[in-house]
Structures are given as C-alpha cells and as structure tokens.
Amino acid sequence: MVDHVRDASRPDFLSKPSLRGERVLLRPVTADDVPALIPMLLDTEASRLTGSHDDGAPDEGRIRTWYGSRREQDDRLDLAVVELATGNVVGEAVLNEWDPGNESCSFRICLVPGTYGSGLGTEATRLIVGYGFEKLALHRISLEVYAFNPRARRAYEKVGFVAEGVLRDALLWEGERVDAMVMSILAPEWFQHGGRPETTGHASL
C-alpha cells in the first residue's frame with residue numbers, strides 16, 4: 001500500500017509560492033514572522049474589521065506553533081505580505097476553507113496597523129487571487145466583508161470581486177448587529193480582466 005500519493009488533478013496547496021508584485025512580495029509565512037504580526041493581532045481596529053471577538057491576550061507561543069505549521073497544510077495557503085520598500089512583514093493573505101468538490105476557496109487578508117489605505121492590500125489580494133486561479137485551478141474565490149468596512153469592499157472590487165448578497169446581522173459587535181456582504185470572483189472573470197476590471201470596462205457597480 002502506498003501512502004501520501006498526490007492526485008495530479010488536485011490543487012497543490014502543499015507547494016508554498018513566493019509571489020512578487022510592484023510593491024509587495026507574498027511568501028510562505030513562518031513562526032519568525034510572529035513578532036511582526038503581533039501588532040495586527042492586538043489591534044482593536046483590525047479585530048473590529050475582521051469580526052474577531054476578544055479572547056484575551058494572545059499566547060505568543062501558541063501563535064508561533066500555529067504559524068510554524070503553515071508549510072505542512074495541504075488544504076490552504078497562508079502567505080506573509082512583505083512591503084518591498086522596507087522589507088517589513090505587514091500582514092497576511094490566506095486562501096482557506098477549500099471545497100474540493102466545488103473547486104472553491106475562501107479568501108481573507110489582514111494588515112498591521114498603519115498600512116490601511118496604502119494600496120498594499122489591493123496588490124496582495126490581486127497576487128494571491130491570481131495564483132488561486134492560474135496555478136491552483138480554482139473556479140470560485142469568495143469572502144465576506146462587514147458593512148462598516150467600505151474601504152475593504154472597494155479594494156476587493158478593484159480586483160474584480162462582485163457583491164452577491166447580504167448576510168443580515170452576521171456580526172454582533174459591541175451591542176450592534178452588523179450585516180456582512182458576500183463577494184466572489186470566478187475564474188472566467190479573472191481570465192477576462194486579470195484582476196483589473198476597471199481597465200476592461202467591467203468594474204463592479
């Protein structure tokens with residue numbers, strides 16, 4: 001009996017790429033990146049935008065173990081976002097919740113404080129989404145964005161994500177119930193505009 005034989009038709013999530021853009025490099029995240037990412041995990045605004053309820057102070061040892069295990073994951077892709085101008089790790093971009101039967105994944109991105117609105121997240125999103133379609137042969141990549149985060153929604157629209165519908169009262173945050181917008185991008189759309197719908201006349205409305 002042969003163990004661990006990879007199905008050639010299965011997306012190769014075990015290979016962890018480095019993806020270089022004009023302003024950011026995406027590379028496999030490691031335990032050594034934790035000190036740079038801790039401010040993101042402690043940031044109140046990042047917690048609000050991602051809907052992460054406070055579970056107390058993060059356990060750095062547990063977090064290092066978790067990030068150190070990312071290279072071994074064969075059903076998701078966790079990449080560090082590195083700003084090329086400084087060499088600093090400024091966040092993470094992730095394809096997760098892989099659904100092999102439907103050739104789809106979820107996407108999420110989070111950046112450290114002080115980098116919002118700089119365009120780094122948009123470029124990082126474009127890089128990892130392109131990899132998902134062009135190398136992993138995914139058909140659909142989806143995400144959720146909360147109603148109080150229009151800046152992120154606009155960044156996703158720039159890459160070609162399209163609003164699909166609303167999850168009503170999906171988040172309870174400090175006593176307020178907040179809707180979440182479901183957005184997705186499909187492989188045929190990506191191959192039509194390459195993550196730049198505004199240049200092809202197919203920008204989301």
Going through the distances and angles, do Arg151 and Leu49 end up as a side chain to side chain contact (heavy atoms under 4.5 Å, CB included)? CA-CA 10 Å; Arg151 177 178 56 206; Leu49 295 178; 4.1 Å; yes
Report the C-alpha distance between Ile185 and His193 in whole Å, list the side-chain angles of each, state the deciding distance to 0.1 Å, and finish with yes or no for side chain to side chain contact (heavy atoms under 4.5 Å, CB included). CA-CA 11 Å; Ile185 181 171; His193 56 59; 3.9 Å; yes
Steps toward side chain to side chain contact (heavy atoms under 4.5 Å, CB included) verdict (Leu120, Arg23): CA-CA 7 Å; Leu120 300 178; Arg23 300 180 60 196; 3.7 Å; yes
Between Arg177 and Arg168, does the side chain to side chain contact (heavy atoms under 4.5 Å, CB included) criterion hold? Intermediate values first, please. CA-CA 8 Å; Arg177 298 194 183 276; Arg168 298 180 300 164; over 6 Å; no
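The distance from the CZ atom of Arg71 to the OG atom of Ser15 is 10.5 Å, given to the nearest 0.5 Å. Remark: Trp98 CH2 to Ser104 OG distance equals 10.0 Å, nearest 0.5 Å. In this structure, OG1 in Thr30 is found 4.5 Å from CG in Asp32, a value given to the nearest 0.5 Å. Between the CG atom in Leu171 and the CZ atom in Arg48 there is a gap of 9.5 Å [rounded to 0.5 Å]. Of the inter-residue distances, the one linking Glu144 atom CD with Asn149 atom CG reads 13.0 Å to the nearest 0.5 angstrom. Between the CD atom of Glu97 and the CG atom of Leu95 there is a distance of 11.0 Å, given to the nearest 0.5 Å.
Exactly one of Glu164, Glu103, Glu189 qualifies for a salt bridge (charged side-chain N to carboxylate O under 4.0 Å, His left out) with Arg140. That residue is Glu164.
Side-chain atoms of Val112 and Asn88, non-hydrogen and from C-beta on, never get closer than 4.5 Å to each other. Glu92 is not listed as a side-chain neighbour of Leu111, based on a closest heavy-atom distance of 4.5 Å or more. Within the 4.5 Å cutoff, side-chain heavy atoms of Met183 are placed close to those of Glu157. Looking at Val89 and Arg27, their side chains come closer than 4.5 Å, going by heavy atoms from C-beta outward.
Taking both residues in full, the closest heavy atoms of Ala80 and Asp33 are given as CB-OD2, 3.9 Å, listed atom of the first, atom of the second, then distance. Closest approach of Leu79 to Pro17, counting heavy atoms only: CD2-O, 3.6 Å. Pairing each heavy atom of Leu26 with each of Ala124, the nearest pair is CD1-O, 3.5 Å. Smallest separation of non-hydrogen atoms from Arg64 and Pro35: NH1-CD, 4.1 Å. Across Gln73 and Lys16, no two heavy atoms sit closer than the pair O-NZ, 2.6 Å. Asp78 and Arg108 get closest at one heavy-atom pair: OD2-NH2, 4.5 Å.
Residue Leu167 is found in a hydrophobic cluster whose other members, listed by chain and number, are Val182; membership requires side-chain heavy atoms under 4.5 Å apart, directly or through intermediates.
Linking Ile, Leu, Val, Met, Phe, Trp and Tyr whenever their side-chain heavy atoms come within less than 4.5 Å leaves Phe133 and Leu186 in two separate clusters. Hydrophobic clustering, with ILVMFWY side chains joined whenever heavy atoms are under 4.5 angstrom apart, groups Ile109 together with Leu25. Both Leu19 and Tyr156 sit in one connected hydrophobic cluster of ILVMFWY residues. Membership requires side-chain heavy atoms under 4.5 Å apart, directly or through other members. Cluster membership check: Leu172 does not share its hydrophobic cluster with Met181, using side-chain heavy-atom separations under 4.5 Å among Ile, Leu, Val, Met, Phe, Trp and Tyr. Leu77 and Val94 sit in two unconnected hydrophobic clusters of ILVMFWY residues. Membership requires side-chain heavy atoms under 4.5 Å apart, directly or through other members.
Sorted by first then second residue, the ring pair (Phe, Tyr, Trp, His ring centres under 6.0 Å) pairs that include residues 61-85, not counting sequence neighbours, number zero. Pairs of residues two or more places apart, or lying in two chains, never qualify as ring pair (Phe, Tyr, Trp, His ring centres under 6.0 Å) while including a residue from residues 70-96.
Residues passing the side-chain contact (heavy atoms from CB on, under 4.5 Å) test with Thr122, sequence neighbours excluded: Arg126, Ala155, Lys158, Val159. For the side-chain contact (heavy atoms from CB on, under 4.5 Å) test, residues two or more places apart in sequence or in another chain that qualify with Pro113 are Pro39, Asp43. With sequence neighbours excluded, the residues that form a side-chain contact (heavy atoms from CB on, under 4.5 Å) with Ile38 are Val34, Leu41, Leu42, Ile63.
Within 6.0 Å of atom CZ in Arg76, more than 12 heavy atoms from other residues, nucleotides or ligands are found, so the atom counts as buried in its surroundings.
Proximity of a side-chain donor or acceptor of Glu123 to a complementary backbone N or O of Val24 within less than 3.5 Å is detected. Between the side chain of Asp179 and the main chain of Asp169, a donor-acceptor pair closer than 3.5 Å is present.
Ring geometry for Phe107 against Phe161 counts as parallel: the plane angle stays under 30°, on a 0 to 90° scale with 60° as the upper cut. In this pair, Tyr146 and Phe148 present their aromatic rings tilted. The plane angle is within the 30 to 60° band.
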